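The next block holds one structure in the form of structure tokens; read it before the comments.
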Amino acid sequence: MSEQGRASFGGKLSVILVAAGSAIGLGAIWRFPYMAGENGGAAFLLVFLLSIFVVGIPAMLAEFAVGRRSRKNAVGAFRSLSKRWSWLGYSGVLGAMLISGYYYLIAGWSLEYLFSSITGSLYSGDITYTNYFADFQASWRPLIFGAIFILMTHFIVSRGVEKGIEKASKIMMPLLFIILIIMAVRVAFMPNAIEGYRFFLSCDFKEAFKAETIMMAIGQAFFSLSVGMGCMVTYASYFKSSNNLVTTSFNVSLLTLMVSVLAGLVIFPAVFSAGLQPTEGPSLIFITLPEIFKGMPLASLWSAIFFFLVMLASLTSTISFHEVLTAYFSEELKLSRLSAAIATTALSMALSLLTFSSLFGIDYLNIFDKLTANVVMPLGAMFTCIFAVWFMSRNFMKDEITNNGQHNKNLSKIFIFMLRYVTPLLIFYIFIKNLI
Ligand code: PHE
């Protein structure tokens, strides 16, 4: 279906599933648990929750508005609304590149774990998973599986917006929910699970007020909601003028929050039950979970199901930042969609190779990750908010939020107030505070 000659997603539900597909990914299942594990558990959850409502949703709305109004890729979108702001689109493209530099590799880890669960090699003999992970990292396999992941993403994106992205999200997202819920129930019956619930759900408020915790939680909210780097701008360019932006942003955020909490409810009880530490860092789910599966009957099956889920969730997210770059290359550099997708794929491979090789001994994974979540995305989101309410015409946000006066009239006042005075200032304050 097309509106103004451009591809567009189907109905209400499709739009929510596609945007939720972008949002829900490694951010919720891999990053959230280890961030919460390192930053005080429940305290982190609390600040994360607040960040979603105070900064995440308003910023997502601003991005939706920019994308749907202009119906262009991230750079074209800002440029068409105001020439002087096209740099903000480029910052999004840069963000998408930085993410591509490490996200595929981690998604590839889940693919490897899925593969070795299916073949049974992850559970044969006497394996310690810290060693397994270290050996895996020292081999070529991360690169190979990362490359396979890039190719899978390429395949879907090059099929186009409706047949590829929309169709994939509609099948994968509901499946993901079902699997996570089954896992959460299963884990509840493990010995000592209660310790995990305590860590994840009972709050030490002192921890919640640390600038570091707040910064990390806000970064997590941006990362997880895919906000602040042109991704939601690009996706919204395929929305219809009848889609309700407020309902969409609320649903996407709530679904993301639910999956993050579910992931926590699977992982923390499991971690404590196995007598492990929640502060393991990026390898958390890859070291702790196999340990837990191992003690369960049908270890390989549970493990395969879980890593299949991580793979699915990651795939709907990799699709979305691949699309940011593909749309940019095809519309700005006037390439065919296929050539644009190939260019993006080649670039992603090169960046993944850089990260994998740790050229000059640099920890690119960590640098790319912190740079996107704590610098590019917060600043990108802050300026998008400022742009939408201070530099566009007075009625721009109002018209987009209300679909030209049809609904959400009172809500639009609240959101515009937040976008003007609360959201950007808060991001700025935390950003500066954390800097010094
Ligand atoms: N939100 C995705 C996740 O949580 C990551 C992402 C960030 C995707 C930015 C697109 C843009 O995994």
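Every value quoted in this text rests on a predicted model; they were computed, and no experiment measured them.
Looking only at distances, a side-chain donor or acceptor of Asn39 sits under 3.5 Å from a matching main-chain atom of Met35. At distances below 3.5 Å, not a single donor-acceptor pair connects side-chain atoms of Ser330 with backbone N or O atoms of Arg337. Using a distance-only test at 3.5 Å, with no hydrogens or angles considered, no donor-acceptor pair links the side chain of Ser224 to the main chain of Ala221. Proximity of a side-chain donor or acceptor of Gln220 to a complementary backbone N or O of Gly27 within less than 3.5 Å is detected. A donor-acceptor contact shorter than 3.5 Å is absent between the side chain of Arg71 and the backbone of Ala77. Between the side chain of Arg68 and the main chain of Lys240, a donor-acceptor pair closer than 3.5 Å is present. Under a 3.5 Å cut-off, the side chain of Ser339 and the backbone N or O of Leu335 do not form any donor-acceptor pair. Between the side chain of Thr355 and the backbone N or O of Leu351, at least one donor-acceptor pair lies under 3.5 Å. At distances below 3.5 Å, not a single donor-acceptor pair connects side-chain atoms of Ser273 with backbone N or O atoms of Asn192. Between the Asn73 side chain and the Gly76 main chain, a donor and an acceptor come within less than 3.5 Å of each other.
Looking at Arg198 and Glu195, a side-chain N of the basic residue comes within less than 4.0 Å of a carboxylate O on the acidic one, giving a salt bridge. For the pair Glu331 and Lys72, the salt-bridge criterion is not met [side-chain N within less than 4.0 Å of a carboxylate O].
Taking all atoms of both residues into account, the shortest heavy-atom contact from Ile52 to Ser253 is CG2-CB, 3.8 Å. In terms of heavy-atom proximity, Ala59 sits nearest to Val227 at CB-CG1, 3.6 Å. Taking both residues in full, the closest heavy atoms of Val259 and Ala28 are given as CG1-CB, 3.9 Å, listed atom of the first, atom of the second, then distance. Here the closest non-hydrogen pair linking Pro33 and Ala263 is CG-CB, 4.3 Å. Minimum interatomic distance between Met232 and Ala19 (heavy atoms only, all atoms of both residues): CE-O, 3.6 Å. For Cys385 against Ala62, the heavy-atom pair with the smallest separation is CA-CB, 4.3 Å.
When side chains are defined from C-beta on, Phe321 counts as touching Tyr104, because their heavy atoms get closer than 4.5 Å. By the 4.5 Å heavy-atom criterion applied to side chains, Thr318 and Leu315 are counted as neighbours. Under the 4.5 Å side-chain criterion, counting only non-hydrogen atoms from C-beta, Phe250 is not in contact with Thr247. Contact check for Met311 versus Met152: side-chain heavy atoms found under the 4.5 Å cut-off. Residues Val66 and Glu63 form no side-chain contact, since every pair of their non-hydrogen atoms from C-beta on lies 4.5 Å or further apart. Under the 4.5 Å side-chain criterion, counting only non-hydrogen atoms from C-beta, Leu45 is in contact with Leu201. Looking at heavy atoms from C-beta onward, Phe78 lies in side-chain contact with Thr384 at the 4.5 angstrom threshold. Considering only heavy atoms from C-beta on, Phe64 comes within 4.5 Å of Phe239 through its side chain.
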* Give the intermediate values and the outcome of side-chain contact (heavy atoms from CB on, under 4.5 Å) for residues Asn374 and Met216. => CA-CA 7 Å; Asn374 297 344; Met216 291 298 165; 3.7 Å; yes
* Asked: Would Ser317 and Ser22 satisfy side chain to side chain donor-acceptor pair (under 3.5 Å), going step by step from the backbone distance to the final call?
  -> CA-CA 4 Å; Ser317 301; Ser22 165; 5.5 Å; no
* Please walk me through it: do Phe136 and Tyr129 pass ring pair (Phe, Tyr, Trp, His ring centres under 6.0 Å)? -> CA-CA 10 Å; Phe136 168 55; Tyr129 291 100; over 10 Å; no
* **Stepwise side-chain contact (heavy atoms from CB on, under 4.5 Å) test for Phe222 and Ile427** => CA-CA 11 Å; Phe222 287 128; Ile427 302 174; 3.6 Å; yes
* For Ile401 and Val246, what are the C-alpha separation, side-chain angles and deciding distance, and is it a side-chain contact (heavy atoms from CB on, under 4.5 Å)? -> CA-CA 6 Å; Ile401 292 177; Val246 175; 3.5 Å; yes
* Would you sort out whether Ser303 and Tyr123 count as a side chain to side chain donor-acceptor pair (under 3.5 Å), showing the intermediate values? => CA-CA 9 Å; Ser303 171; Tyr123 298 99; 2.8 Å; yes
* Given Met97 and Leu325, is the side-chain contact (heavy atoms from CB on, under 4.5 Å) satisfied, shown in steps? -> CA-CA 8 Å; Met97 287 182 190; Leu325 297 172; 4.0 Å; yes
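Going from atom CG of Asn408 over to atom CD of Glu400 covers 12.0 Å, rounded to the nearest 0.5 Å. Rounded to the nearest 0.5 angstrom, Leu114 CG and Leu309 CG are separated by 10.5 Å. Rounded to the nearest 0.5 angstrom, Leu225 CG and Met377 CE are separated by 8.5 Å. Taking OG of Ser139 as the start and CZ of Phe145 as the end, the distance is 9.0 Å to the nearest 0.5 Å. For the atom pair Ile342 CD1 and Leu347 CG, the distance stands at 13.5 Å (nearest 0.5 Å). Taken to the nearest 0.5 Å, the CD1 atom of Ile218 stands 11.0 Å off from the OH atom of Tyr429.
Checked against the 6.0 Å centroid criterion, the rings of Phe286 and Trp30 do not qualify as a close aromatic pair. A distance of 6.0 Å or more separates the ring centres of Phe53 and Phe48. Note: Phe272 and Phe199 meet the aromatic proximity criterion, with ring centroids under 6.0 Å apart. Aromatic ring centres of Tyr132 and Tyr113 lie closer together than 6.0 Å.
For the side-chain contact (heavy atoms from CB on, under 4.5 Å) test with Trp302, the passing option among Leu289, Ile182, Val187 is Ile182; the others fail.
Side chains of Tyr34 and Ser283: a donor-acceptor N/O pair is absent below 3.5 angstrom, by distance only. Thr234 and Ser237 share no donor-acceptor pair across their side chains, judged by distance under 3.5 Å alone. A donor-acceptor pair shorter than 3.5 Å can be found between the side chains of His322 and Thr326. Counting only N and O atoms by type, the side chains of Ser300 and Ser117 include no donor and acceptor under 3.5 Å apart. Side-chain contact of Thr128 with Thr130: a donor-acceptor pair under 3.5 Å is absent, judged by distance alone. Looking at Asn244 and Asn403, their side chains never bring a donor and an acceptor atom within 3.5 Å of each other.
Ring pair Phe32/Phe44 is tilted by interplanar angle, where 30° to 60° counts as tilted.
The number of heavy atoms from other shown groups lying within 6.0 Å of CZ (Phe115) does not exceed 12. In this structure, Phe308 places its CZ atom where only 12 or fewer heavy-atom neighbours from other residues, nucleotides or ligands lie under 6.0 Å away.
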